[in-house]
Protein chains: 2
Amino acid sequence: MAKSGKLSRPEPRSSKSSAHTRQALVRAAIETLKTDGFARTSARVIACRAGSNQSLIFYHFGSVANLLLAALDEVSADRLERYSATAAQIGSLSQLVDVAEVIFREDLDEGHAAVLAELVSGAASVPGFGTEVAARLRSWTQFAQDAVEKAADSSVLGLSLPSADVAYSLVALYLGLEMLSHLDGDRDRAFALFHRAKQLAALAEVLGFSSPAKEASP
Amino acid sequence: MAKSGKLSRPEPRSSKSSAHTRQALVRAAIETLKTDGFARTSARVIACRAGSNQSLIFYHFGSVANLLLAALDEVSADRLERYSATAAQIGSLSQLVDVAEVIFREDLDEGHAAVLAELVSGAASVPGFGTEVAARLRSWTQFAQDAVEKAADSSVLGLSLPSADVAYSLVALYLGLEMLSHLDGDRDRAFALFHRAKQLAALAEVLGFSSPAKEASP
DNA sequence: GTCTATACTTGGATAGAC
DNA sequence: GTCTATCCAAGTATAGAC
C-alpha cells in the first residue's frame with residue numbers, strides 16, 4: 001500500500017553513510033529514468049544500479065514514487081540555477097531562441113529532458129503523483145515566462161503577446177519534442193527546428209518587429 | 001515471451017463471433033487507454049471491459065502490444081478521414097487555426113489524443129513498439145503538413161515557412177498539450193491557447209501577411 | 001472460438017536478523 | 001542503517017478441456 005499523500009522521512013540523522021546512500025539512490029534513479037524509462041524504473045533496478053539494497057529505498061524515501069520526486073528535484077534545482085543565469089542576458093527575440101536552443105540541446109543530450117518527460121507521462125500510473133510533478137513543472141513554466149517577457153520587452157510585437165500562454169506552449173513543445181525524439185530515436189529532427197526558428201527570428205528582426213541589439217545594463 | 005517483430009494472426013475465419021470478439025477487444029482497449037492510461041491497460045483489464053476472456057487477446061492478436069496497435073489504427077483511420085475533409089477547406093491562416101482548434105478540442109474531449117499520447121509515451125516499455133507507433137504517427141504529421149501548406153499558399157510569409165518542420169512542431173505541441181492537460185487535469189488551459197492563436201492569426205492577416213479571404217473552388 | 005486453470009515473472013512493500 | 005528473506009498483488013502468456 002502506497003502512502004497516499006505525504007512522505008514520512010525517517011528523520012535523517014546524517015550519520016555519514018546515510019546521506020551517501022540517499023544520494024546514490026537518487027543518482028541511480030535519475031540514470032535509470034534516462035536510460036530505461038519510467039516503466040522500467042523499479043525499486044530493484046534502481047537499487048542494483050546504486051550498488052545498494054532494494055529495501056533501503058523504502059527506508060529512506062518511503063516509496064519509489066517519493067524517490068522519483070527527489071530525483072526530479074535534484075535535476076531541476078541544478079539546471080534551473082544555471083539556466084537562469086543564461087536567460088538573464090536575453091534582450092531580443094534572437095537571443096531568446098539562442099538560449100532555448102542551448103537549453104534544449106543540453107537537456108536532450110544529457111537526458112535531463114527525459115527525466116522530466118518520463119515523470120510527466122508516467123505520472124498517471126501513480127495516484128497523486130501528477131499533482132507533485134505538476135507543481136515542480138511550474139518552476140519551469142515560470143522560467144520560460146520570464147525569458148519570453150525579456151524578449152518581448154524589446155519587441156513591438158511582444159506587447160500583444162501573452163507571455164504566460166507562450167511559456168505554457170513552449171513547455172508543451174519541449175515535452176512533445178522530447179517524446180518524439182525518443183520515439184524514433186531522431187534527435188536531429190528536433191535540433192533542426194531551432195535552426196529554422198533562428199532564421200525566423202532574424203527575419204522578424206529585419207522586418208522591424210523587434211530591436212535586435214538592446215543590451216541589458218541596468 | 002513476446003513476439004519480437006511481427007504479429008501472427010490466426011487467419012481470421014470470419015466465423016461471425018470472431019469478428020465480434022475482435023472488435024469488442026479493440027473498443028475496450030481504446031476505452032481503457034483513454035480512462036486508465038497505458039500503464040493500467042493490461043490484458044486482464046481490457047478483457048474484463050470487453051466482457052470477454054483474457055486469453056482471447058493472445059488468441060486473436062498474439063500480444064497486448066499488437067492489440068494496442070490495432071486500437072491506434074482504429075482510432076486513426078476514422079479521424080483521419082473526417083479531418084481530411086475539414087482540412088480541405090483551409091484557405092487562410094485563420095482557417096488553419098480554426099481547423100486546428102476543432103480537431104484538438106474534439107480529440108481532447110473525446111480522448112482520441114489520449115490514446116495517441118499514451119501509446120507514444122508508453123512505447124518505450126515494449127521492445128519494438130516505438131517503431132510501430134512512429135510509423136502510424138507519420139500519417140498525422142503528413143496531414144498537418146498538408147494543412148500548413150494550404151494555409152501557407154495564401155500567405156506571403158508562408159513562402160519562407162518550411163511546412164515539414166512546422167508540421168512536426170505542431171504534432172509535438174499537440175502531444176505536449178495533451179500530456180500537460182492530463183497532468184493537472186486542466187483542459188481549459190490548452191483551449192485558451194487557441195483563442196490566443198486566433199487573435200494572432202487575425203492580427204497577421206490585418207498586417208497584410210496573408211490574404212484573409214481566398215475561397216478554394218477548383 | 002471460448003473458457004478455466006495455471007506456470008512464470010516482476011513489482012512494491014515489510015519483518016526481522018545483524 | 002543495512003542486509004536477507006519473504007509476502008502479496010498483478011502482469012504476460014500458455015495448456016488443455018469444452
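The sequence lines fix the lettering, A, B, ..., with proteins before strands; numbering per chain opens at 1. For the numbers below, each heavy atom of this structure counts, side chains included, while hydrogens, waters and symmetry mates do not.
Relative to the ring axis of Phe194(A), Arg105(A) does not place its NZ or CZ within 45° and under 6.0 Å from the centre.
Following rounding to the nearest Å, Ile46(A) (CD1) and dT10(C) (P) show an atom-to-atom distance of 17 Å. Here the P atom of nucleotide dT14(C) and the CZ atom of Phe61(A) are 16 Å apart, to the nearest Å. One interatomic measurement links the two molecules: CG of Leu68(B) to P of dG11(D), which rounds to 14 Å at whole-angstrom precision. Note: CG (Asp36(B)) to P (dA10(D)) measures 14 Å, nearest angstrom. Distance Arg40(B) CZ to dG11(C) C1': 13 Å, rounded to the nearest Å.
Closest contact between the side chain of Ser42(B) and the listed nucleotides dG1(C), dT6(D), dG11(D) involves dG11(D). For Arg44(A), taking side-chain heavy atoms from C-beta onward, the closest of the listed nucleotides dG1(C), dG1(D), dC7(D) is dC7(D).
Side-chain N or O atoms of Ser76(A) include none that pairs as donor or acceptor with a backbone N or O of Asp73(A) at under 3.5 Å. Using modelled atom types, no side-chain atom of Arg187(A) and backbone atom of Asp109(A) make a donor-acceptor pair closer than 3.5 Å. The backbone N or O of Ala47(A) sits nowhere less than 3.5 Å from a side-chain atom of Gln54(A) that would complete a donor-acceptor pair. Distance alone, capped at 3.5 Å, is enough to place a donor-acceptor pair between the Arg136(B) side chain and the Glu132(B) backbone.
Taking 4.0 angstrom as the limit, Thr21(B) places none of its side-chain polar atoms (N or O) nearer than this to OP1 or OP2 of dG1(C). For the OP1/OP2 pair of dG1(D) and a distance below 4.0 Å, the side-chain nitrogens and oxygens of Ser18(A) include at least one atom meeting the criterion. Remark: His60(B) is in phosphate contact with dT2(C), judged by side-chain N or O atoms under 4.0 Å from OP1 or OP2.
Against DNA chain C, the stretch residues 48-58 of chain A makes heavy-atom approaches under 4.0 Å through Gln54(A), Ser55(A), Phe58(A).
Note that the OG1 atom of Thr86(B) and the CZ atom of Arg79(B) stand 12.0 Å from one another [nearest 0.5 Å].
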